[in-house]
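Notes follow the structure.
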Amino acid sequence: MLDNLGNLERTHTCGELREEDAGSEAVLMGWVAKTRDLGNFTFVDLRDRYGVTQVVFAEAFSKEAHEKVKTLRGEYVIAVRGDVVEREGTHNPKLATGDVEVRAKELFILNTAKTTPFQLEVAGKENVVNEDTRLKHRYLDLRRKSLQDNLIVRANVLRKMRDYMDSVGFLELETPILLRSTPEGARDFIVPSRIQPGKFFALPQSPQILKQITMISGFDKYYQIARCFRDEDLRADRQPEFTQLDIEMSFANREMVFRVMEGVMASVFSLTGAEFEVPFPRMTYRDAMRRYGVDKPDVRFGMELQDLTGEFSDTDFAPFASVVESDGEIKCVVAKGCSGYSRKILDGLQDFVKRYGAGGLAWIKLEDGGTKSSLMKPLGENKISSLAEKAGAEKGDAVFIVAGRKSIVAASLGALRKEIAKNEDLIPDGVYKPLWVTEFPMFEYNEDTGNYDPMHHPFTSLMDEDIPLFKRAVEDGETDLLGQIRARAYDIVINGYEIGSGSIRVHQSAIQELIFKAQGLTKERAKERFGFFLDALEYGTPPHGGFAAGIDRVIMILCGTENIRDVLAFPKTASAQDLMMDSPGDVDKSQLDELGLSVTVDPEKNAGD
RNA sequence: GGAGUCGUAGUUCAGUUGGUUAGAACGCCAGCCUGUCACGUUGGAGGUCGCGGGUUCGAGUCCCGUCGGCUCCGCCA
């Protein structure tokens with residue numbers, strides 16, 4: 001038989017009572033986390049989102065309550081009225097409320113609960129339950145302290161961002177969720193229109209064009225905490241819908257955008273109390289690729305890539321000679337103290353770099369007993385020693401070498417660097433290393449097609465000093481020059497995560513037309529896709545620029561998790577499903593009819609089990 | 001689209017070379033217990049070995065397919 005809440009009000013949360021509250025009466029409400037029945041004494045750990053308080057039941061305090069407590073089970077929702085007393089026996093230092101307990105005079109059972117499909121807390125262990133089970137019962141998973149803490153961090157981050165943006169004069173403007181596709185390269189989620197049958201909205205990949213239009217409208221400083229949607233495959237740090245801190249400002253140069261972003265990030269990271277360097281160090285894209293092999297370097301540790309290509313300019317060793325001839329690279333990383341790596345580990349690392357397209361992984365081990373290398377036979381002891389020396393390796397170290405196309409060498413060694421650092425525990429905890437990556441290329445060489453593809457949306461402006469080169473490339477048809485053109489685009493990278501990116505936008509029609517041309521967009525096609533925006537540009541567009549920061553990733557870093565699902569209340573699985581709601585789901589035929597749609601795929605084909 | 005890996009009790013896992021009735025811990029249920037906080041203790045219930053097919057006298061174990069979780073490549077700022 002359940003009790004009614006009636007007029008009962010709680011006086012304290014379950015995380016609140018302290019020694020100085022002893023002597024008062026308290027009414028607590030929450031979930032039964034644990035009962036310990038000792039016969040004449042029964043202890044109940046009562047939990048809410050603020051903490052856990054121990055409630056004691058005994059005949060001496062209330063006969064009725066003591067009998068009733070025997071019927072409690074895990075996750076029942078109860079209210080307790082009782083006296084707060086300092087504990088007689090041992091205090092519990094593990095609980096914030098551990099100096100006191102509540103002696104129950106009255107127990108109200110507000111609701112029962114079925115036995116949960118998994119234990120919410122297993123002593124001393126975190127996330128031991130398979131994720132599909134947890135996702136299916138997300139409402140229970142979210143009762144766990146670690147997830148509640150993460151979502152509280154999330155709320156704090158959002159508040160910090162709003163407070164800061166407001167304090168520096170930015171205006172929070174909302175933009176529609178139902179709009180037209182914006183030109184950003186990812187697949188759109190589309191929504192059919194009932195009133196315009198056969199037409200579709202697209203969910204925003206980002207509010208890019210709309211925020212630029214707010215600049216044209218004169219709002220001057222815009223920001224929004226914007227939900228963005230991209231229908232692409234998921235990753236540990238990527239969901240189909242995610243949240244950005246989106247900003248845009250008029251009459252702004254790069255330095256002004258940098259100052260705003262550094263300010264808001266410093267404000268957010270002040271939540272940690274850890275050191276957070278402002279202004280951020282800067283690194284050009286070119287240097288990032290050269291030194292770290294990636295455009296989002298984790299600079300919390302060293303192990304930079306070393307270039308050994310020059311050592312092989314006149315080598316007889318065919319595999320390396322052909323790499324040098326075809327304008328490839330031979331680079332390496334030095335793994336400190338890893339000369340003891342076994343055959344098995346080396347094979348594992350070889351497989352690892354092959355995922356990134358590397359043909360193989362050569363190694364040198366500077367063991368105490370002598371130097372060993374997979375290249376000993378073809379290159380000889382002298383050459384191996386000089387390579388190790390050139391790489392800066394010392395006794396006890398291992399050197400890993402990849403040869404091949406520049407992009408493959410960078411990708412594989414960049415990933416290997418991080419992999420070894422992880423395995424060897426070289427990455428310090430609780431350290432936040434932000435940096436700006438600047439001077440991104442405007443175009444990316446596409447090895448399949450031989451074309452230069454745009455790396456950004458088409459409203460990204462060029463670096464002033466590259467404009468003459470750009471004009472030559474487009475107007476005189478010297479397309480090979482496109483690879484050298486740099487954009488006024490920049491990323492924030494923290495601890496190896498790309499936190500966000502921004503740029504100074506194009507605001508002049510003449511340059512804009514050249515960029516369309518270079519990106520292979522005809523005037524007609526450009527007009528068709530975003531003519532409204534090109535029109536707007538012609539009515540007095542101020543110079544402007546902005547940034548978008550991925551809030552989920554910021555929160556991941558603050559929470560110390562590598563899994564974006566840990567910072568979202570209701571995330572989707574790697575196959576983009578919600579296991580709790582079982583979405584995406586079917587719709588009634590009548591709904592389709594109303595929209596003038598028919599489904600041509602066999603739904604059974606993709607049906608579960 | 002591709003690769004790797006996992007799937008056995010409610011949960012986390014073990015399960016030998018293919019061989020009797022598939023085990024453990026936690027959880028759950030019932031009893032005992034005056035100070036527990038990973039309570040203790042006695043007893044009990046609980047299994048479509050993800051699903052489908054095949055090989056075999058015999059499959060949790062071997063083979064093929066398939067579904068699902070996770071990670072990565074492609075994709076995506």
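Sequence lines set the chain letters: A, B, ... in the order given, protein chains first and strands last, and positions in each chain run from 1. Not measured: the values here are computed from a predicted model.
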For A:K70, the salt bridge (Lys or Arg N to Asp or Glu O under 4.0 Å) test, sequence neighbours excluded, returns A:D37
Strand partner of B:rC32, provided both Watson-Crick or wobble distances fall under 3.5 Å | B:rG40
Which listed nucleotide (B:rU36, B:rG69, B:rC72) is nearest to the side chain of A:F43?
-> B:rU36
How are the rings of A:F280 and A:W436 set to each other: parallel, tilted or perpendicular (split at 30° and 60°)?
-> tilted
May I ask whether A:F41 stacks on the base of B:rU34, given the cut-offs of 5.5 Å between ring centres and 30° between planes?
-> no
Proximity to the side chain of A:R36 - top-ranked nucleotide from B:rC39, B:rC70, B:rC75 | B:rC39
Between B:rA77, B:rU11, B:rG69, which nucleotide gets closest to the side-chain atoms of A:V129?
-> B:rU11
Contacts of type salt bridge (Lys or Arg N to Asp or Glu O under 4.0 Å), residue A:K63, not counting sequence neighbours | A:E67
Check: B:rC75 base within 3.5 Å donor-acceptor of A:R230 side chain | no
What residues in residues 354-361 of chain A put a non-hydrogen atom under 4.0 Å from any atom of RNA chain B?
-> A:R355, A:Y356
May I ask which nucleotide in the shown strands pairs with B:rG7, Watson-Crick or G-U wobble, both distances under 3.5 Å?
-> B:rC67
Close N or O pairs between protein and nucleotides 30-33 of chain B (under 3.5 Å):
| from | atom 1 | to | atom 2 | distance (Å) |
| --- | --- | --- | --- | --- |
| B:rA30 | OP2 | A:R73 | NH2 | 3.0 |
| B:rC33 | N3 | A:D37 | O | 3.1 |
| B:rC33 | N3 | A:G39 | N | 3.4 |
| B:rC33 | N4 | A:D37 | O | 3.2 |
| B:rC33 | N4 | A:D37 | OD1 | 3.4 |
| B:rC33 | N4 | A:G39 | N | 3.4 |

With sequence neighbours excluded, tell me which residues meet salt bridge (Lys or Arg N to Asp or Glu O under 4.0 Å) with A:D466.
-> A:R486
Aromatic rings A:F400 and A:Y341: how do their planes relate, parallel, tilted or perpendicular, breaks at 30° and 60°?
-> tilted
Should the pair A:Y139 and A:H137 be assigned to parallel (<30°), tilted (30 to 60°) or perpendicular (>60°) ring geometry?
-> perpendicular
For B:rG46, the Watson-Crick or wobble partner whose two distances fall under 3.5 Å = none
Ignoring the backbone of A:N563, work out which of B:rA77, B:rU71, B:rC75 is nearest its side chain.
-> B:rU71
Can we say A:D351 and A:K354 salt-bridge, meaning some charged N sits less than 4.0 Å from an Asp/Glu carboxylate O?
-> no
Using a cut-off of under 3.5 Å, enumerate the N/O to N/O pairs linking the protein to nucleotides 2-10 of chain B.
| from | atom 1 | to | atom 2 | distance (Å) |
| --- | --- | --- | --- | --- |
| B:rG10 | O2' | A:P117 | O | 2.4 |

Residues A:D246 and A:Y222: side-chain donor-acceptor under 3.5 angstrom = yes
